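Below is one structure, written out as structure tokens, with a few remarks after it.
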Amino acid sequence: MFEPLADTEERAAIRDAVRALCDKFDDAYWLAHDRSGTFPVDFHQAFAAAGWLGIAMPEAYGGAGLGITEAAILMQTVANSAGVFAACSTIHLDIFGPHAIVVHGTEEQKARFLPPLIKGEVRACFGVTEPDAGLDTTRITTRAERAGNGYVVHGRKVWTSSAQQAQKIVLLARTTPLEECARPTDGLSLFYTDLDRRYVEVHEIAKMGRAAVDANSTFFDGLPVPLEDRIGEEGRGFRYLLDSLNPERILTAAEAVGIGRRALEKATAYAKERVVFGRPIGQNQAIQHPLAESWAELAAAELMVLRAASLYDGGKPCGAEANAAKYLASDACFRAADRAVRTHGGYGYASEYHVERYFREAVLSRLVPVSRELVLCYLAERVLGLPKSY
Ligand SMILES: Cc1cc2nc3c(=O)[nH]c(=O)nc-3n(C[C@H](O)[C@H](O)[C@H](O)COP(=O)(O)OP(=O)(O)OC[C@H]3O[C@@H](n4cnc5c(N)ncnc54)[C@H](O)[C@@H]3O)c2cc1C
């Protein structure tokens, strides 16, 4: 139904191998995890065992040393499988979370941190969002204070995905009070450290979808962080985070394309077989046209994902394309999932047809890691040159 997102033999091989692995985890597997809310440990371990978690990490540390284009192909293929967003979130942080370590970590840190992640021996979570800061990240109040040969962290994060499972956290904290900084983006530092439960409480948030992967309120009460767990220089953490915004947008856009196509494939198959008024419902243009439109929207979004990924891998600026890809892909994903539910009529609401699960997860693709509104703010300001509005 779709041209493959792969223009070289190596990329086609990645897609085929990942698809074969994902096929072992079918709709019944993911529906069961959606109902029980249990983390898909065996799916994660299968990806680690096959070596996929290190796809974009340096070969010297056990990774494959490939680019964001290959990582996007991997994540789109995972998203296109029965696990949709939940499957992506199971491995997304292992693939993407260490980006700052790869780019800004010392050789000692890379050797210490990357191999256990790639082998699936440890799991990491990502602690940036806070309840009182939201998308205005410079307003976070979690603080890391100097103590002896390191820091002590106090504060609170929210929405920390997979913190129930994780032994490690990529943590953004303020090391200089906001009022003492020349700019709000100064004075924030990035750490990769143990999520030591003696000093950290993790409370799961009940939520609409992606039930297999927990999201949490995370409370830090004096977490000690050794100096050697700080990534890069003190006070430059926000800038390090900015470096990883574009690749993260590209990967989540690729995931949205994969989810949207999964929903569209189910809708199309159902439209061909469901007979009402003596003919397949797919013979009606009111059913055909929205599905055809979704095909076109997803194809266009995929092209933007590939364009952004190839610019990033070529070392060229890609902010406009990465943001546009995120916007187009998540909207196309949401529309395809909504149409998949409606094409199924009442059965679209039944769990056993799976499209309601895809729909609940497609909603998330428009919310994270950045909202549609903030993407449009970026394009208006940075591409069109309009005044900053936030
Ligand atoms: C399931 C799930 C998993 C997540 N996992 C993680 C994770 O692992 N780690 C992590 O750090 N975070 C995570 N997040 C957090 C996610 O990235 C944030 O929810 C997201 O950044 C939005 O922040 P907020 O919810 O506080 O929205 P807010 O900042 O409160 O914004 C609310 C709404 O107002 C709009 N808005 C705000 N300001 C403006 C403006 N100036 N102009 C126009 N519109 C505006 C926004 O677009 C949005 O629609 C997760 C979230 C969810 C739901």
Side-chain angles (χ1 to χ4, degrees), residues 34 37 39 79 83-100 123-142 153 155-166 168-174 184 188 190-192 195 200 202-220 237-238 240-242 244-245 248-249 251-253 255-256 259 323 326-327 330-331 333-334 357 359-382 386-390:
D34 189 59
F39 190 81
V84 288
F85 216 147
C88 293
S89 295
T90 304
I91 58 169
H92 178 100
L93 265 168
D94 303 289
I95 285 176
F96 170 76
H99 189 77
R123 291 194 40 78
C125 60
F126 200 66
V128 172
T129 307
E130 294 191 10
D132 296 330
L135 290 159
D136 191 359
T137 305
T138 61
R139 299 278 154 185
I140 64 165
T141 54
T142 294
V153 175
R156 182 181 170 193
K157 298 287 172 184
V158 72
W159 291 117
T160 325
S161 288
S162 73
Q164 300 283 339
Q165 320 296 323
K168 293 275 186 183
I169 184 164
V170 178
L171 179 70
L172 186 73
R174 191 156 270 295
L188 294 163
L190 199 61
F191 303 92
Y192 179 73
L195 195 61
V200 182
V202 178
H203 297 292
E204 188 163 357
I205 300 170
K207 60 190 189 315
M208 177 180 185
R210 210 201 64 177
V213 179
D214 48 277
N216 303 279
S217 286
T218 314
F219 300 86
F220 300 84
F238 189 77
Y240 302 151
L241 211 59
L242 284 185
S244 52
L245 289 189
E248 178 160 45
R249 275 160 210 195
L251 291 190
T252 46
E255 292 170 17
I259 299 166
N323 277 279
K326 165 71 178 71
Y327 178 82
S330 56
D331 263 19
C333 168
F334 178 81
R357 176 167 54 87
F359 175 77
R360 286 185 280 115
E361 302 200 3
V363 171
L364 187 58
S365 83
R366 296 214 289 186
L367 300 174
V368 297
V370 61
S371 68
R372 302 168 79 241
E373 293 75 25
L374 266 282
V375 163
L376 294 178
C377 288
Y378 175 94
L379 293 175
E381 181 198 343
R382 302 295 184 87
L386 295 168
K388 184 170 172 142
S389 65
Y390 58 97

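These numbers come from a predicted model, not from an experiment. Note that ligands are numbered from 1 as they come in the structure, with each ligand's atoms numbered from 1 the same way. Only this structure's heavy atoms are used, side chains among them; waters, hydrogens and symmetry mates stay out.
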request  = Report the C-alpha distance between F220 and L171 in whole Å, list the side-chain angles of each, state the deciding distance to 0.1 Å, and finish with yes or no for side-chain contact (heavy atoms from CB on, under 4.5 Å).
outcome  = CA-CA 11 Å; F220 300 84; L171 179 70; 3.7 Å; yes
query = Does any non-hydrogen side-chain atom of S365 lie less than 4.5 Å from one of E255?
reply = no
task = Examine distances only and state if a side-chain atom of R156 and a backbone atom of T141 form a donor-acceptor pair shorter than 3.5 Å.
result = no
remark   = For atom 30 (O) of ligand 1, the closest protein heavy atom turns out to be G134 CA, 4.5 Å
task = Tell me, please: is V368 in heavy-atom contact with ligand 1, that is, under 4.0 Å?
result = yes
ask   = What orientation do F334 and F359 show, parallel under 30°, tilted 30 to 60°, or perpendicular over 60°?
value = tilted
task = Would you mind reporting whether R174 and L188 have side-chain heavy atoms less than 4.5 Å apart?
result = yes
query = To which protein heavy atom is atom 9 (N) of ligand 1 closest, and what is the distance rounded to 0.1 Å?
reply = F126 O, 2.7 Å
query = Does the N or O separation between S371 and ligand 1 drop below 3.5 Å for any pair?
reply = yes
note = min-distance protein heavy atom vs atom 13 (C) of ligand 1 -> W159 O, 3.3 Å
Candidate list R210, R357, R360, test salt bridge (charged side-chain N to carboxylate O under 4.0 Å, His left out), partner D34, passing option = R360
request  = Could you tell me whether the side chain of V368 reaches within less than 4.5 Å of the side chain of T252, counting heavy atoms only?
outcome  = no
task = Evaluate the 4.0 Å heavy atom contact test for atom 47 (O) of ligand 1: does a protein atom fall under the cut-off?
result = yes
Heavy-atom nearest neighbour of atom 28 (P) of ligand 1 within options D132, V158, L374, L135 = L135
message = Among all the protein's non-hydrogen atoms, which is closest to atom 17 (O) of ligand 1, and how far away is it?
response = P369 O, 3.4 Å
query = Would you say ligand 1 has an N or O under 3.5 Å from any N or O of E373?
reply = yes
request  = For ligand 1, find out whether one of its N or O atoms is nearer than 3.5 Å to an N or O atom of E130.
outcome  = no
key: Any side-chain heavy-atom pair of K326 and Y378 under 4.5 Å   = no
inquiry  = Checking contacts now, so for atom 32 (C) of ligand 1, which I'm interested in, is there any protein heavy atom under 4.0 Å?
reply    = no
query = At what distance is the nearest protein heavy atom to atom 42 (N) of ligand 1, and which residue and atom is it?
reply = C377 SG, 4.0 Å
request  = Could you tell me which residues satisfy ring-ring contact (aromatic ring centres under 6.0 Å, His included) with Y327, sequence neighbours excluded, listed by chain and number?
outcome  = none
task = Using a distance threshold of 4.0 Å (strictly less than), state whether atom 51 (C) of ligand 1 has a protein heavy-atom neighbour.
result = yes
query = With under 30° as parallel and over 60° as perpendicular, where do the rings of H92 and F96 fit, or are they tilted in between?
reply = tilted
inquiry  = Using side-chain heavy atoms (C-beta onward) and a distance below 4.5 Å, is V153 in contact with V200?
reply    = no
query = So which protein heavy atom does atom 53 (C) of ligand 1 come closest to, and at what separation?
reply = L364 CD1, 3.6 Å
ask   = So, do V202 and T160 sit near enough that their side-chain heavy atoms are less than 4.5 Å apart?
value = no
task = Using distance alone, decide if ligand 1 has a nitrogen or oxygen within less than 3.5 Å of any nitrogen or oxygen in T129.
result = yes
key: Heavy-atom nearest neighbour in the protein, as seen from atom 8 (O) of ligand 1, with distance rounded to 0.1 Å   = S161 N, 2.9 Å
message = Quick check: A133 and ligand 1, any N/O pair under 3.5 Å apart?
response = no
query = Among protein heavy atoms, which lies nearest atom 41 (N) of ligand 1, and at what distance?
reply = Y390 CB, 3.2 Å
message = Distance under 4.0 Å to a non-hydrogen atom of V128: what atoms of ligand 1 satisfy this?
response = 11 (O)
